[in-house]
There are 2 protein chains.
Amino acid sequence: MKKKLSVNYSETCKTRITAIRDTMEILSGKWKFHILGTLLETDKMRFMDLLREVEGIGSKMLSKELQDMEINQLVTRTVQQTKPITVVYEITEYGKTLGPIIDEIAKWGISYRNALHTTKDRKNAG
Amino acid sequence: MKKKLSVNYSETCKTRITAIRDTMEILSGKWKFHILGTLLETDKMRFMDLLREVEGIGSKMLSKELQDMEINQLVTRTVQQTKPITVVYEITEYGKTLGPIIDEIAKWGISYRNALHTTKDRKNAG
DNA sequence: CGCATCAGTTTCCTTTTGGAAACTACTTTC
DNA sequence: GAAAGTAGTTTCCAAAAGGAAACTGATGCG
């Protein structure tokens with residue numbers, strides 16, 4: 001008569017799973033990490049500059065991702081009454097708390113590339 | 001004559017973007033973080049136990065995600081010649097280097113929940 | 001007037017992702 | 001010999017994600 005550990009082994013673990021799900025939902029999609037990474041280094045940036053900086057993104061996606069992040073208070077959107085109207089996006093203090101995650105991810109990715117170069121037996125990556 | 005910062009502002013930044021892309025490609029999909037999170041706490045686990053532990057996953061997805069991660073050497077697959085054949089999945093030493101990322105993500109998710117509870121004005125999350 | 005820029009939005013389409021359920025194949029237990 | 005457990009695979013389908021290109025609408029430049 002085995003009870004099959006079935007029920008999720010601990011409350012701590014459930015909390016952890018939920019936490020991971022929350023974070024990843026907020027950072028979902030192909031572009032949020034890149035936009036945030038850019039905004040973390042520049043602080044302020046206009047729409048068109050982001051469009052040029054974030055390689056490969058289109059205006060539809062950029063617009064959508066920025067809206068998502070504005071809702072989640074990771075960035076702010078400010079309209080500036082300049083000659084041709086400009087809009088400035090800025091990372092919030094709250095958004096900056098994602099810094100350590102992005103740093104860890106970047107760090108890992110770099111060591112991954114290095115591993116690829118030294119031990120030639122790992123999977124190819126683009 | 002403004003040169004439009006256009007070209008990605010620094011090599012460091014390009015490296016960073018590439019690094020983020022690499023990591024996120026390896027950890028892509030709905031389930032890898034959860035499987036890894038589980039494996040990081042238990043070390044070894046059989047297929048059927050993972051199927052029960054990772055809430056909501058189906059055998060197709062579990063199988064596929066494990067294969068991806070085996071290719072990328074994050075987990076190992078070991079067939080055990082027990083009465084009904086069992087297969088044990090184990091996180092590799094290399095896979096364990098993802099620990100800090102997953103920890104940061106979990107940490108952020110937890111503080112996000114806390115922020116939701118205290119300041120009631122943030123977006124609802126499932 | 002015609003063209004360009006800024007900041008998007010809309011439409012239409014393809015690709016990717018993921019889930020449910022059925023099925024394979026082998027072994028053990030009742 | 002039927003049922004149940006092991007570890008998957010296959011098929012079929014729906015939903016989500018994402019891209020290209022056209023369009024809006026305001027303003028400014030020559």
Side-chain angles (χ1 to χ4, degrees), chain A residues 1-6 17 20-21 24-35 38-39 42 44-72 75-90 126, chain B residues 1-6 17 20-21 24-36 38-39 42 44-71 75-90 126:
Chain A
M1 192 213 263
K2 44 285 198 53
K3 248 305 176 70
K4 296 162 177 161
L5 49 158
S6 59
I17 297 275
I20 293 172
R21 200 186 324 268
M24 295 317 293
E25 241 159 62
I26 286 168
L27 298 177
S28 67
K30 196 173 167 183
W31 301 106
K32 295 211 183 68
F33 280 102
H34 301 315
I35 298 170
T38 303
L39 249 25
T42 57
K44 284 177 195 224
M45 227 171 188
R46 288 179 303 155
F47 186 84
M48 276 297 142
D49 287 334
L50 276 170
L51 201 56
R52 283 186 279 262
E53 273 312 311
V54 182
E55 261 192 54
I57 201 170
S59 55
K60 187 185 95 172
M61 276 300 120
L62 179 57
S63 172
K64 192 215 143 215
E65 300 283 59
L66 285 169
Q67 277 169 27
D68 281 4
M69 293 194 289
E70 205 194 341
I71 287 170
N72 285 311
V75 303
T76 56
R77 179 180 178 276
T78 316
V79 178
Q80 293 192 314
Q81 287 308 337
T82 46
K83 19 299 180 78
I85 184 179
T86 50
V87 177
V88 169
Y89 290 92
E90 188 170 358
Chain B
M1 192 211 262
K2 38 314 196 29
K3 247 311 179 64
K4 297 164 177 160
L5 48 159
S6 60
I17 297 275
I20 292 171
R21 201 187 321 271
M24 295 318 291
E25 240 160 63
I26 286 169
L27 297 177
S28 67
K30 195 174 168 182
W31 300 107
K32 294 210 184 65
F33 280 104
H34 300 316
I35 297 168
L36 282 173
T38 302
L39 249 26
T42 57
K44 282 177 195 220
M45 227 170 186
R46 286 179 304 155
F47 185 84
M48 276 296 141
D49 287 334
L50 276 170
L51 202 55
R52 283 186 279 262
E53 274 311 314
V54 182
E55 263 192 53
I57 201 171
S59 56
K60 188 186 93 172
M61 277 302 121
L62 180 56
S63 172
K64 191 215 144 217
E65 301 283 60
L66 285 169
Q67 277 170 26
D68 281 4
M69 294 194 288
E70 205 195 340
I71 287 169
V75 303
T76 55
R77 179 180 178 277
T78 317
V79 180
Q80 292 192 313
Q81 288 307 338
T82 47
K83 21 303 183 74
I85 185 180
T86 51
V87 176
V88 170
Y89 290 92
E90 190 169 358

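Naming convention: chains lettered A, B, ... in sequence-line order (proteins, then strands); numbering from 1 in each chain.
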J.: Using a cut-off of less than 4.0 Å, is there contact between a side-chain N or O of B:R77 and OP1 or OP2 of D:dA7?
T.: no
J.: Do B:I20 and A:H34 come close enough that some side-chain heavy atom pair is under 4.5 Å?
T.: yes
J.: Closer than 4.0 Å, any side-chain N/O of A:R46 to the OP1 or OP2 of C:dT5?
T.: no
J.: Measuring to OP1 and OP2 of D:dT9, would you say a side-chain N or O of B:S63 lies under 4.0 angstrom away?
T.: yes
J.: Taking atom C1' of D:dA7 as reference, at what distance in whole Å does atom CD of B:Q81 sit?
T.: 13 Å
J.: Distance check needed: D:dT24 P versus A:K60 NZ, whole Å only.
T.: 18 Å
J.: Less than 4.0 angstrom between a side-chain N/O of B:K30 and OP1 or OP2 of C:dG19, yes or no?
T.: yes
J.: Report yes if the side chains of B:L27 and B:F33 come closer than 4.5 Å at any heavy-atom pair, otherwise no.
T.: yes
J.: Taking for each residue the nucleotide of DNA chain C with the nearest heavy atom, is it B:I85 or B:M61 whose nucleotide lies nearer the 5' end?
T.: B:M61
J.: Tell me: CG of B:L62 to C1' of C:dA20, nearest whole Å?
T.: 16 Å
J.: Rounded to whole Å, please give me the gap between CG in A:D68 and P in D:dA17.
T.: 9 Å
J.: Please report the shortest heavy-atom distance between A:K32 and A:M69, naming the atom on each side.
T.: CD-CG, 3.7 Å
J.: By the 4.0 Å heavy-atom rule, please label B:S59 as base, sugar-phosphate, or nothing.
T.: base
J.: Quick one: B:I35 CD1 to C:dG18 C1', roughly how many Å, whole number?
T.: 13 Å
J.: Just how far, in rounded Å, is P of D:dG19 from CD of A:E55?
T.: 13 Å
J.: Between atom CG in B:L66 and atom C1' in D:dT9, what is the gap in whole Å?
T.: 14 Å
J.: What is the separation between atom NZ on A:K64 and atom C1' on D:dA17, rounded to the nearest whole Å?
T.: 7 Å
J.: From the list C:dA7, C:dC6, C:dG19, which nucleotide is the closest neighbour of the side chain of B:W31?
T.: C:dG19
J.: So, does A:Y89 get its side chain near the phosphate of C:dC6, meaning an N or O under 4.0 Å from OP1 or OP2?
T.: no
J.: Can you tell me if B:Q67 touches the phosphate of D:dG8, counting only side-chain N or O atoms and a distance under 4.0 Å to OP1 or OP2?
T.: no
J.: Determine the minimum heavy-atom distance between B:L50 and B:T38, stating which atoms define it.
T.: CD2-CG2, 4.2 Å
J.: Categorize A:G29 for me: base, sugar-phosphate, or nothing, with a 4.0 angstrom heavy-atom threshold over every strand shown.
T.: sugar-phosphate
J.: What pair of heavy atoms forms the shortest contact from A:L39 to A:Y89, and how long is it?
T.: CD1-O, 4.2 Å
J.: Does the base of D:dT6 carry an N or O that pairs as donor and acceptor with the side chain of B:T82 under 3.5 Å?
T.: no
J.: Would you say a side-chain N or O of B:R52 is under 4.0 Å from OP1 or OP2 of D:dG5?
T.: no
